[in-house]
Chemist: 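Mind having a look at this structure? Questions to follow.
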Amino acid sequence: EIDDEFWKVLQGTEEDLRPASDPYEIEKQEQRKLDRKSILLFRISDESGETLFTQEEGPISRSSLDTNDVFLVHANIGLFVWIGEHCTTNEKNSGMVFAYDYKKKYELPRETTITALPEKCANANVLFQNLFD
């Protein structure tokens, strides 16, 4: 039997489950076109001694990503957690937590995906690469 600890670990509830006969609305997501002008970039860093979640200002490009930190990229097609190769363990562990909290705080649609991408793997993810071209 599934207990409260199970849902606590997953950070969800039974209402988050869908029956197999109720497919995700993939068609709607595929019809959405990337809007690069709406992309927001947030840095997750503990360089100051506390873990901070701050929005980056100015034009966003691949060079905005720093290998020493973790970044949350909010695009109209989903959330991406980019994990720098030289980030701290704390930053790495905080990335998805901040992403889930962000999704909940801003009441993003349930279908909004959160994708974690280690720096070394990001180059192979075409969708992520298209955010910056």
Side-chain angles (χ1 to χ4, degrees):
E1 178 153 325
I2 298 173
D3 61 8
D4 291 337
E5 183 64 25
F6 174 83
W7 293 112
K8 183 178 177 185
V9 169
L10 292 181
Q11 297 182 352
T13 66
E14 205 165 343
E15 289 80 43
D16 294 325
L17 297 177
R18 293 179 182 221
S21 62
D22 180 19
Y24 290 93
E25 299 178 19
I26 294 172
E27 297 81 23
K28 287 183 183 177
Q29 290 183 17
E30 288 177 350
Q31 290 174 0
R32 236 184 307 167
K33 300 288 183 199
L34 173 63
D35 178 9
R36 286 192 184 93
K37 293 177 184 169
S38 71
I39 294 174
L40 302 174
L41 182 65
F42 300 87
R43 181 185 299 256
I44 300 163
S45 177
D46 61 9
E47 185 178 25
S48 69
E50 64 178 300
T51 306
L52 301 175
F53 181 73
T54 55
Q55 185 170 352
E56 296 290 292
E57 301 296 328
I60 296 169
S61 68
R62 289 251 336 159
S63 62
S64 303
L65 304 175
D66 178 352
T67 191
N68 296 304
D69 290 317
V70 170
F71 290 84
L72 173 64
V73 182
H74 177 189
N76 67 311
I77 58 170
L79 299 174
F80 298 86
V81 178
W82 185 88
I83 304 164
E85 187 175 348
H86 301 292
C87 71
T88 66
T89 301
N90 177 55
E91 291 166 344
K92 186 183 300 184
N93 293 339
S94 297
M96 290 300 279
V97 174
F98 277 108
Y100 282 110
D101 289 348
Y102 181 89
K103 181 177 176 179
K104 186 175 182 177
K105 178 179 180 181
Y106 292 100
E107 299 177 351
L108 299 181
R110 184 178 178 159
E111 308 78 47
T112 302
T113 57
I114 301 174
T115 306
L117 288 167
E119 182 176 357
K120 285 185 176 182
C121 299
N123 290 333
N125 187 297
V126 175
L127 188 56
F128 185 76
Q129 290 302 315
N130 286 336
L131 299 176
F132 301 101
D133 289 343

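Please read all numbers here as calculations on a predicted model, not as lab measurements.
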Chemist: The test is side chain to side chain contact (heavy atoms under 4.5 Å, CB included); show your working for Leu65 and Phe132 and say whether it passes.
Modeler: CA-CA 11 Å; Leu65 304 175; Phe132 301 101; 4.2 Å; yes
Chemist: Side chain to side chain contact (heavy atoms under 4.5 Å, CB included) between Leu79 and Tyr102: does it pass, once the steps are laid out?
Modeler: CA-CA 9 Å; Leu79 299 174; Tyr102 181 89; 4.0 Å; yes
Chemist: In Å and rounded to the nearest 0.5 Å, what is the CG to CD1 distance from Leu131 to Ile60?
Modeler: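 Going from the CG atom of Leu131 to the CD1 atom of Ile60 covers 9.5 Å.
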Chemist: I need the minimum non-hydrogen distance between Pro59 and Ser64, along with the two atoms involved.
Modeler: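 Scanning both residues, the minimum pair turns out to be O-OG, 3.8 Å.
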Chemist: With heavy-atom distances below 4.5 Å as the criterion, would you say the side chains of Tyr106 and His74 are in contact?
Modeler: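 No, their side chains stay 4.5 Å or more apart.
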Chemist: Fit a plane to each ring of Phe42 and Phe53, take the angle between them on a 0 to 90° scale, and name the class: parallel (under 30°), tilted (30 to 60°) or perpendicular (over 60°).
Modeler: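 Rings of Phe42 and Phe53: parallel, as their planes differ by under 30°.
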Chemist: If hydrophobic clusters are built from ILVMFWY residues whose side chains come within less than 4.5 Å, do Phe98 and Leu40 share one?
Modeler: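 Yes, Phe98 and Leu40 fall within the same hydrophobic cluster.
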Chemist: Looking at every non-hydrogen atom in both residues, tell me the closest pair between Leu117 and Phe80 and how far apart they are.
Modeler: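 Looks like CD1-CD2, 4.0 Å.
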Chemist: Any donor and acceptor pair, going by atom type alone, linking the side chain of Gln129 with main-chain N or O of Ala122 inside 3.5 Å?
Modeler: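 Checked: pair present.
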Chemist: For Arg36 and Asn130, run side chain to side chain contact (heavy atoms under 4.5 Å, CB included): C-alpha distance rounded to whole Å, both residues' side-chain angles, the deciding distance at 0.1 Å, then the answer.
Modeler: CA-CA 9 Å; Arg36 286 192 184 93; Asn130 286 336; 4.3 Å; yes
Chemist: Identify the heavy atoms of Cys87 and Ile83 that sit nearest to each other, and give their distance.
Modeler: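 Shortest heavy-atom separation between Cys87 and Ile83 comes out as SG-CG2, 3.7 Å.
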Chemist: Please tell me if the side chains of Cys121 and Asn125 come closer than 4.5 Å, counting only heavy atoms from C-beta onward.
Modeler: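 When only atoms from C-beta onward are counted, Asn125 and Cys121 do not touch, as no gap falls below 4.5 Å.
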Chemist: Using every non-hydrogen atom in the two residues, find where Ala116 and Met96 come nearest and quote the distance to one decimal.
Modeler: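 Between these two residues, the closest heavy atoms are CB-SD, 3.9 Å.
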Chemist: So, taking the atom named NZ in Lys37 and the one named CD1 in Ile39, what distance separates them when rounded to the nearest 0.5 Å?
Modeler: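 Answer rounded to 0.5 Å: 12.0 Å.
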Chemist: I want to check something: taking the side chain as every heavy atom from C-beta on, are Arg62 and Phe128 in contact at a cut-off of under 4.5 Å?
Modeler: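 A side-chain contact exists here, since the closest heavy-atom pair is under 4.5 Å.
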Chemist: Within this structure, what is the CG-CG distance for the pair Asp46 and Asp69, rounded to the nearest 0.5 Å?
Modeler: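 These two atoms lie 7.5 Å from each other.
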Chemist: Could you go through Glu91 and Thr51, starting from their C-alpha distance and side-chain angles, then the distance that decides it, and tell me whether this counts as side chain to side chain contact (heavy atoms under 4.5 Å, CB included)?
Modeler: CA-CA 7 Å; Glu91 291 166 344; Thr51 306; 5.5 Å; no
Chemist: Atom OG1 in Thr54, atom CD1 in Ile44: separation rounded to 0.5 Å?
Modeler: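 Spacing of OG1 (Thr54) from CD1 (Ile44) equals 9.0 Å.
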Chemist: Keeping the roles fixed (side chain from Asn76, backbone from Lys33), state whether a donor-acceptor pair exists under 3.5 Å.
Modeler: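 Present.
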Chemist: With a 4.5 Å heavy-atom cut-off, do Asn68 and Glu47 have their side chains touching?
Modeler: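 They are not in side-chain contact.
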Chemist: When rounded to the nearest 0.5 angstrom, what distance separates CD1 in Ile114 from NZ in Lys103?
Modeler: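 Going from the CD1 atom of Ile114 to the NZ atom of Lys103 covers 5.0 Å.
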Chemist: If you measure from CD on Glu56 to CG on Leu72, what distance do you get to the nearest 0.5 Å?
Modeler: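 Glu56 CD to Leu72 CG: 11.5 Å, rounded to 0.5 Å.
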Chemist: Answer whether the closest heavy-atom distance between the side chains of Thr89 and Lys92 falls below 4.5 Å.
Modeler: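 Thr89 does not reach Lys92 side chain to side chain.
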Chemist: Check for me, please, whether Ile77 and Tyr100 land in the same ILVMFWY cluster - side-chain distances under 4.5 Å, paths through other members count.
Modeler: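 No, separate clusters.
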Chemist: Does CD in Glu85 sit with more than 12 non-hydrogen atoms of other residues, nucleotides or ligands closer than 6.0 Å?
Modeler: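 Buried by this count: over 12 neighbours within 6.0 Å.
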Chemist: So, for Gly95 and Val70, which heavy atoms are closest and what is the spacing to 0.1 Å?
Modeler: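 Looking at all heavy atoms of both residues, the closest pair is CA-CG1, 4.0 Å.
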